Amino acid sequence: MPIKNRLADMHDEITGWRRHLHAHPELLYDVHETAAFVVERLKSFGVDDITTGIGKTGVVAVIKGKSGSKGRVIGLRADMDALPIEEATGLDYASSVPGKMHACGHDGHTSMLLGAAKYLAETRNFDGTAVLIFQPAEEGGAGGLAMCQDGLMERWGIQEVYGMHNMPGMAVGEFAIRPGALLASSDEFEIVVTGKGGHAAAPHDAVDTTLVASQIVVSLQSVVARTVDPVKRVVLTVGTFETDSVASNVIAHTARLLGTVRTLDPEYRAIAEERVRRIAEDTASAFGARAEVTWTPGYPVTVNSETETRHAAEAAEAVAGKVNSNTDPIMPSEDFAYMLEERPGAYIFIGNGDTAMCHHPAYNFDDGAIPAGCSWFAELVERRMPVA
Ligand code: NI
């Protein structure tokens with residue numbers, strides 16, 4: 001079955017929701033207006049139950065199939081938050097909030113899940129329970145984790161969980177997925193190096209912190225190059241290097257490095273942390289300086305389970321006619337990973353066409369993807385919980 005006719009009929013209405021959300025972006029957990037918009041729509045669809053305030057500002061809604069609450073329980077998730085970016089699209093429905101923008105298409109994800117909710121509440125052509133999850137704070141705030149910590153999976157008895165993200169560079173409405181690791185973990189580190197400041201003309205009386213920190217930056221590149229199995233995927237980047245000297249004739253006393261380690265292999269998170277600490281501390285020590293390392297674990301690896309990936313791919317194939325079921329993994333991270341740590345499930349990409357990349361000021365979600373995205377959610381529910 002291709003795009004569901006009813007959802008094709010709703011295309012303009014759902015596009016209207018998407019553009020409204022696009023014009024009113026909110027950040028992290030501060031998605032009060034977005035959550036209220038979602039709740040208002042869900043109420044008008046006649047869903048069976050709505051709970052707010054899960055994971056601070058998340059919304060969970062329940063739609064029961066034909067035989068009430070018996071049968072399987074499937075979670076469908078969308079993210080609601082925007083980014084601290086000044087929009088540069090020039091669209092007539094561009095962000096009305098300076099410095100905030102839906103630059104990752106979460107306006108589209110939320111609207112597509114709302115569209116599926118409307119369809120499912122109308123048709124109820126399934127036998128089980130669909131739990132719709134609208135989460136805050138995907139962009140760095142771990143809203144998915146906050147919802148899980150509020151008992152999302154247990155309270156609603158969710159047995160498997162599915163999510164979707166748009167992907168610029170893929171044809172609109174096409175799907176791509178893979179079993180196993182799809183997106184990377186993302187940990188952050190801070191290294192504060194303390195030497196001994198002094199006069200630029202008298203380095204022998206100082207411990208040159210800039211030189212020490214530079215040695216650390218160079219040596220950190222050996223973590224991936226010389227510690228990691230070459231067939232595994234790990235990337236380490238030092239993104240910030242600053243010192244307390246602002247003059248050409250002053251040797252810095254302290255330096256601060258900020259970096260990130262991303263990997264598709266969870267075992268390398270711990271190995272990388274151990275190596276980063278040793279290189280920083282021992283290199284500093286060798287030069288008579290001191291390094292303090294702060295390690296902040298971020299989102300885990302997003303791992304699609306085998307069986308649920310197959311279900312997700314079959315639904316996508318039914319909707320789009322074909323699916324790339326062995327797409328390459330990529331190194332951004334995604335906090336749907338926390339939900340996949342709690343339950344089997346799968347995360348799928350839907351094409352967003354030839355647009356600017358996500359997180360770019362000229363990015364926009366392509367409304368042409370809406371019928372396929374809504375249909376995928378709906379098809380998944382109807383296939384996994386067919387009416388007997
Ligand atoms: Ni995103």
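Basis for what follows: all heavy atoms, side chains included, without hydrogens, waters or symmetry-related copies. Just so you know, ligand 1 is whichever comes first in the structure, and atom 1 is the first atom listed for that ligand. Fair warning: this is a prediction, and the values are worked out from it, not measured in the lab.
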For Trp17 and Phe45, take the angle between the two ring planes, folded into 0 to 90°, and tell me which bin it lands in: parallel under 30, tilted 30 to 60, perpendicular over 60.
tilted
One thing to verify: whether Glu382 and Lys4 come together as a salt bridge, which I'm taking to mean a side-chain N less than 4.0 angstrom from a carboxylate O.
yes
Quick one: do Glu13 and Lys118 make a salt bridge, cutoff under 4.0 Å?
yes
Let's go through Arg124 and Asp48 carefully: what are the C-alpha distance in whole Å and the side-chain angles of both, what is the deciding distance for salt bridge (Lys or Arg N to Asp or Glu O under 4.0 Å) to 0.1 Å, and is it a yes or a no?
CA-CA 11 Å; Arg124 312 239 177 194; Asp48 295 294; 2.6 Å; yes
Starting from the C-alpha separation in whole Å, work towards a yes-or-no answer on ring-ring contact (aromatic ring centres under 6.0 Å, His included) for His165 and Phe349.
CA-CA 5 Å; His165 205 291; Phe349 296 130; 7.2 Å; no
Run the ring-centre check on His22 versus Phe365 and record whether the distance is less than 6.0 Å.
no
Polar protein atoms near the Ni ion (ligand 1) [N, O or S; cut-off under 2.8 Å]:
Cys104 SG, His106 NE2, His165 NE2
